[in-house]
Every structure is written in structure tokens, then in C-alpha cells.
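Values below: all heavy atoms of this structure, side chains included; hydrogens, waters and symmetry mates excluded. Read the numbers this way: they start at 1 and go in the same order the structure lists the ligands and their atoms.
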Amino acid sequence: MPDVTLTTLQGLKQKGEKIVMLTCYDATFARTACEAGVEMLLIGDSLGMVLQGHDSTLPVSVADMAYHTASVKRGNRGAMIVADLPFMANATVEQTLANSATLMQAGAHMIKLEGAGWLAESIRLLAERGIPVCAHMGLTPQAVNLFGGYKVQGREQAQAEQMLADARALQAAGAAMLLLECVPSELATRISQAVRIPVIGIGAGSGTDGQVLVLHDMLGLSLSGRVPKFVKDFMGETGSIPAAIAAYVRAVKSVEFPAAEHGFSA
Ligand code: KIV
């Protein structure tokens, strides 16, 4: 696969072809995902839960993220690598710039920040310095204690309008991509249509420009036994990891996944 760049992603959005992203934490899975056609590899701070066994993403450090980003880079064959800034790594502007630089030097092509409109200043500073940013909105797991659990965001009209305004503001600040987690499908579609930049969804319906899942979830692996509604187990129907990832790629590209049952209503 030729290297996936921002131009590639923009082109996919313009022609209405869905973008396939998957979380990935090591070299072997990076190679396997690339061979299956995954276009974006996300080193998510979900690694705190699925690799390290914590009950949230809060204990993950920048060093953890850099280690796994460097591992993914060694196995990557052309996908765009996106790395999460973990909890409190963007507490100040200075920390945001320094920690983003660490992850870019470890091999990331884009940095993902969790938040909302208040991210605008950081996004502007990062973009000015040549770092593409994905703004993760909606259910932002680093704020689980503020939300009182992993709950759908944007169900109320005022919150939905604010999310739409924030999406526009972050695009104007220079965000290269948005990621919407656990947002009503109708709202996610509205936001995707309102911005020029690609919007990736998880638990956000099929109207976004692309999809992401946590690798372990789509392979049917769960430490807690609680499987979110938006997850589909692709391993069960295929029987091998490469085949499961290839089935996920096909299902996203053909818009068979996510189905209505994987989304949320307002
Ligand atoms: O950390 C992660 O894996 C993520 C996805 C859930 C989008 O942010």
C-alpha cells in the first residue's frame, strides 16, 4: 500500500470512501493490519486497559506511549500512525508541545488529544509547528471520572449544538481530523457533513468518514467481560487474526459495519 498521508485521507473523504483505523500496540500486529488494508494505526491509551490491565486509561505514561509507538513503527508498512497523548500529558501548553514531540520522534505521524473546544489553542500551536492533530471528542475516556462512567455524549440538544460548534472551531484552529466516540449517530453524521476534515467514529454510527475499533474488542477478547454495544467480534466469524482484520476492513469499506444496532440514538 502506498504511504497513507493527510492528502490520502482527504481524498477518501471527498470520494465518500470510508477510512479504516484500528488500534495497534506492537510490530507484529502493525504488519498484520497493514497487510489486511488498515489505513490508520492508532496507538491508543486504551493500551492501559487491554495490555496493562488497568481499569481506566489514566495510569498510562508518555513513556508507555512512546515505547508502543516505536514498536508499531517498526512493523508498519504504509499506514498513518496516530499516537494518543495520555492523561495530563497536555496539562500545559509546554507539556503538550514537548510530549507531542516525543511521540512524533518515536514514529507517530499524527497526535490525538482528548477534549473539546478548549483544545483549540494547543491544536493551533501544534499545527503551526508541523504536527497534525486529531481531536477526540464526545466520550473522552480520560475524563471518565468527570462523566461518572463511560456514557454516550451529546444526547441533549444544547450539548449536541456545542459539540457541532466545537468541531467547527477545532477545524478552524488547524485540526487535521476529528474522532467522535459514543455520540448519537445522527449528530455524528451532522458533524461529519459540517467539516471538511475527516471524522472517524467509534460508537458514532455509519455516517462518519471512517471507523476505529480497539483491536482486542474486535478480536473478541475482553478482560472485564463487558462488551460495549458498538463492538463487533470479527474473530468469531473468521477464525484467524489476519482474516478477522481483513473482514473488519471489508465491512467498514462496504458500510456493513457499523450496523444500526452498533449505534446510539439521541
Ligand atoms: O485509546 C483508544 O484506543 C482510543 C479509541 C477508543 C478511539 O482512543
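In terms of modelled atom types and a separation under 3.5 Å, the side chain of R124 and the main chain of G174 share no donor-acceptor contact. Side-chain atoms of Q159 never come within 3.5 Å of backbone atoms of Q153 as a donor-acceptor pair (strictly under, hydrogens ignored). Between the side chain of Q211 and the backbone N or O of G205, at least one donor-acceptor pair lies under 3.5 Å. A donor-acceptor pair under 3.5 Å links the side-chain atoms of E114 to the main chain of Q142, judged by distance alone.
Numbered from 1 in the order shown, with element, the atoms of ligand 1 that lie under 4.0 Å from a heavy atom of T23 read 3 (O). Within ligand 1, the atoms closer than 4.0 Å to a non-hydrogen atom of G44 are 1 (O), 2 (C), 3 (O), numbered from 1 in the order shown. Proximity to H136 (heavy-atom distance under 4.0 Å) selects the following atoms of ligand 1: 8 (O).
Ranking protein heavy atoms by distance to atom 3 (O) of ligand 1, first place goes to S46 OG, 2.5 Å. Considering only non-hydrogen protein atoms, atom 8 (O) of ligand 1 sits nearest to K112 NZ, 2.7 Å.
Side-chain atoms of S192 and T189 include no donor-acceptor pair closer than 3.5 Å.
An N or O contact shorter than 3.5 Å links D45 to ligand 1 by distance. Looking at ligand 1, you'll find an N or O of D84 within less than 3.5 Å of one of its N or O atoms.
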ask   = Stepwise, does the side-chain contact (heavy atoms from CB on, under 4.5 Å) test hold for H216 with L51?
value = CA-CA 9 Å; H216 294 59; L51 300 190; 3.8 Å; yes
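Only the side chain of L42 comes within contact range of ligand 1, with a heavy atom under 4.0 Å; no backbone atom does. Counting heavy atoms under 4.0 Å from ligand 1, residue E114 does not touch it at all.
Here E161 pairs with R190 in a salt bridge; the nearest charged N to carboxylate O distance falls below 4.0 Å.
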